[in-house]
A.B. asks: 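Please find one structure pasted underneath; my questions will follow.
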Amino acid sequence: MTRGTGRVAGVGEAHPAVDLPTGWRALARRFFDRPVAELAPALLHTLLVRREDDGSLTAARLVEVEAYGGRDDPGSHARRGPTRANATMFAGPGHLYVYFTYGMHWCVNVTARAAPGEGAAVLLRAAAPVRGLDRMRARRPTARRDRDLCAGPARLAGAFGLTGAADGLDLCAGGPVFLATDGTPAPARPGRSTRIGLAPHRCGGIRWRWYVPHDPYLSRPGGS
DNA sequence: GGTGTGATCGTA
DNA sequence: ACGATCACACCA
């Protein structure tokens with residue numbers, strides 16, 4: 001699968017126009033074109049949306065994200081410059097960066113502005129399902145409760161059927177995957193912590209995880 | 001509710 | 001070797 005062509009596995013060619021529910025609007029390039037630590041908390045309460053093959057929408061509201069930067073960020077895939085696997089982190093703001101980890105899981109990021117020659121992206125860690133719950137359940141039969149469908153980066157990727165085939169997709173080109181807002185603002189006082197799952201020497205003391213306080217759909221209870 | 005562990009493979 | 005993880009077993 002070619003990168004960034006507006007195609008996703010199991011999905012046809014990019015569709016130029018998407019009929020969104022009343023009050024929803026797709027996020028434009030300028031939304032993503034800012035420093036990653038500013039973009040990340042601004043993504044809370046926005047909607048990840050996928051237009052399925054049959055025209056139906058799968059959507060979930062983001063409640064937990066993490067920022068990953070460039071050479072100065074010891075926890076980032078981009079810390080050592082571009083490689084085959086992390087190339088999309090260097091593709092400019094508003095692209096989908098999907099990577100493979102632990103030999104079996106996919107995780108989804110949204111790229112942000114970065115310094116010249118550097119990369120940056122926001123890991124989508126958890127979301128509250130909004131539409132297409134049946135399809136999410138079909139893709140994730142091991143999820144016992146609906147609150148487990150998108151509670152975790154690999155779970156979220158699984159619920160949306162996003163794999164390496166979606167890596168490099170442009171989120172601002174009318175393609176099958178994009179972000180939208182229904183007018184719900186990001187929390188004025190988001191929860192904040194260090195990032196999850198990083199080896200101690202890679203944390204760098206950086207508190208680049210943001211989440212919606214007390215939200216039931218977080219990847220870990222209580223959020224902190 | 002919590003903790004501990006095996007699975008599994010592309011990349012460096 | 002090592003992961004920006006998950007599901008399940010087991011204990012409480």
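Residue numbers begin at 1 in each chain, while the letters A, B, ... track the order of the sequences. The shown structure was predicted, so the numbers you read here are calculated from the model rather than taken from an experiment.
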A.B. asks: Identify the pairs formed between an N or O of the protein and an N or O of nucleotides 3-8 of chain B at a distance under 3.5 Å, and give each distance.
C.D. replies:
unit_1: dT8(B); atom_1: O2; unit_2: Tyr102(A); atom_2: O; d: 2.4

A.B. asks: For residues 111-128 of chain A, which residues have at least one heavy atom under 4.0 Å from DNA chain B?
C.D. replies: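 Contacts with DNA chain B under 4.0 Å: none.
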A.B. asks: Is it the case that the side chains of Arg50(A) and Thr58(A) hold a donor-acceptor pair, with the cut-off being a distance below 3.5 Å and no angle test?
C.D. replies: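 Result is no, nothing qualifies.
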A.B. asks: Sequence neighbours excluded, which residues qualify as side chain to side chain donor-acceptor pair (under 3.5 Å) partners of His77(A)?
C.D. replies: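 If we apply the side chain to side chain donor-acceptor pair (under 3.5 Å) test to His77(A), skipping adjacent residues, the hits are Tyr97(A).
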A.B. asks: At a cut-off of 3.5 Å, list every protein nitrogen or oxygen paired with a nitrogen or oxygen from nucleotides 10-12 of chain B, distance to 0.1 Å.
C.D. replies:
unit_1: dA12(B); atom_1: OP1; unit_2: Thr83(A); atom_2: OG1; d: 2.7

A.B. asks: Between residues 70-78 of chain A and DNA chain C, which residues have a heavy-atom gap below 4.0 Å?
C.D. replies: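 Going residue by residue through residues 70-78 of chain A, the ones with a heavy atom under 4.0 Å of DNA chain C turn out to be Gly75(A), His77(A).
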A.B. asks: Using the heavy-atom set of chain A and a strict 4.0 Å cut-off, write down the first and last nucleotide of DNA chain C that makes it in, 5' to 3'.
C.D. replies: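 Under 4.0 Å from chain A, the extent on DNA chain C is dG3(C) to dA7(C).
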A.B. asks: Salt bridge between Asp134(A) and Arg139(A), side-chain N to carboxylate O under 4.0 Å?
C.D. replies: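 No, Asp134(A) and Arg139(A) are not salt-bridged.
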A.B. asks: For DNA chain C, report each stem as range with range, ordered by first number, or say none. Use Watson-Crick or G-U wobble pairs under 3.5 Å, at least 3 in a row.
C.D. replies: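 In DNA chain C, stems of three or more pairs: B:1-7 with C:5-11, B:9-11 with C:1-3.
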A.B. asks: Can you pull the salt bridge (Lys or Arg N to Asp or Glu O under 4.0 Å) pairs that have at least one residue in residues 67-83 of chain A, sequence neighbours excluded?
C.D. replies: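 The answer is Asp73(A)-Arg195(A).
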A.B. asks: Just to verify, what does Ser56(A) make a side-chain contact (heavy atoms from CB on, under 4.5 Å) with, not counting sequence neighbours?
C.D. replies: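 Ser56(A) satisfies side-chain contact (heavy atoms from CB on, under 4.5 Å) with Glu52(A), Asp54(A), Arg135(A) only.
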A.B. asks: Under the side chain to side chain donor-acceptor pair (under 3.5 Å) test, which residues partner Arg145(A), sequence neighbours left out?
C.D. replies: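 Per chain and number, Arg145(A) pairs via side chain to side chain donor-acceptor pair (under 3.5 Å) with Asp148(A).
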A.B. asks: So, using side chain to side chain donor-acceptor pair (under 3.5 Å) as the criterion, who are the partners of Arg147(A) when residues are at least two apart?
C.D. replies: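 Here no residue qualifies.
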A.B. asks: What is the minimum heavy-atom distance between Glu66(A) and Ile196(A), and which atoms define it?
C.D. replies: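 Nearest heavy atoms, Glu66(A) then Ile196(A): OE2-N, 2.8 Å.
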A.B. asks: Which side-chain N or O atoms in residues 177-188 of chain A pair as donor and acceptor under 3.5 Å with protein atoms at least two apart or in another chain?
C.D. replies:
unit_1: Thr181(A); atom_1: OG1; unit_2: Gly183(A); atom_2: N; d: 3.0
unit_1: Asp182(A); atom_1: OD1; unit_2: Arg61(A); atom_2: NH1; d: 3.2
unit_1: Asp182(A); atom_1: OD1; unit_2: Thr184(A); atom_2: N; d: 3.1
unit_1: Asp182(A); atom_1: OD1; unit_2: Thr184(A); atom_2: OG1; d: 2.8
unit_1: Asp182(A); atom_1: OD2; unit_2: Arg61(A); atom_2: NH1; d: 3.4
unit_1: Asp182(A); atom_1: OD2; unit_2: Arg61(A); atom_2: NH2; d: 2.8
unit_1: Thr184(A); atom_1: OG1; unit_2: Arg61(A); atom_2: NH1; d: 3.4

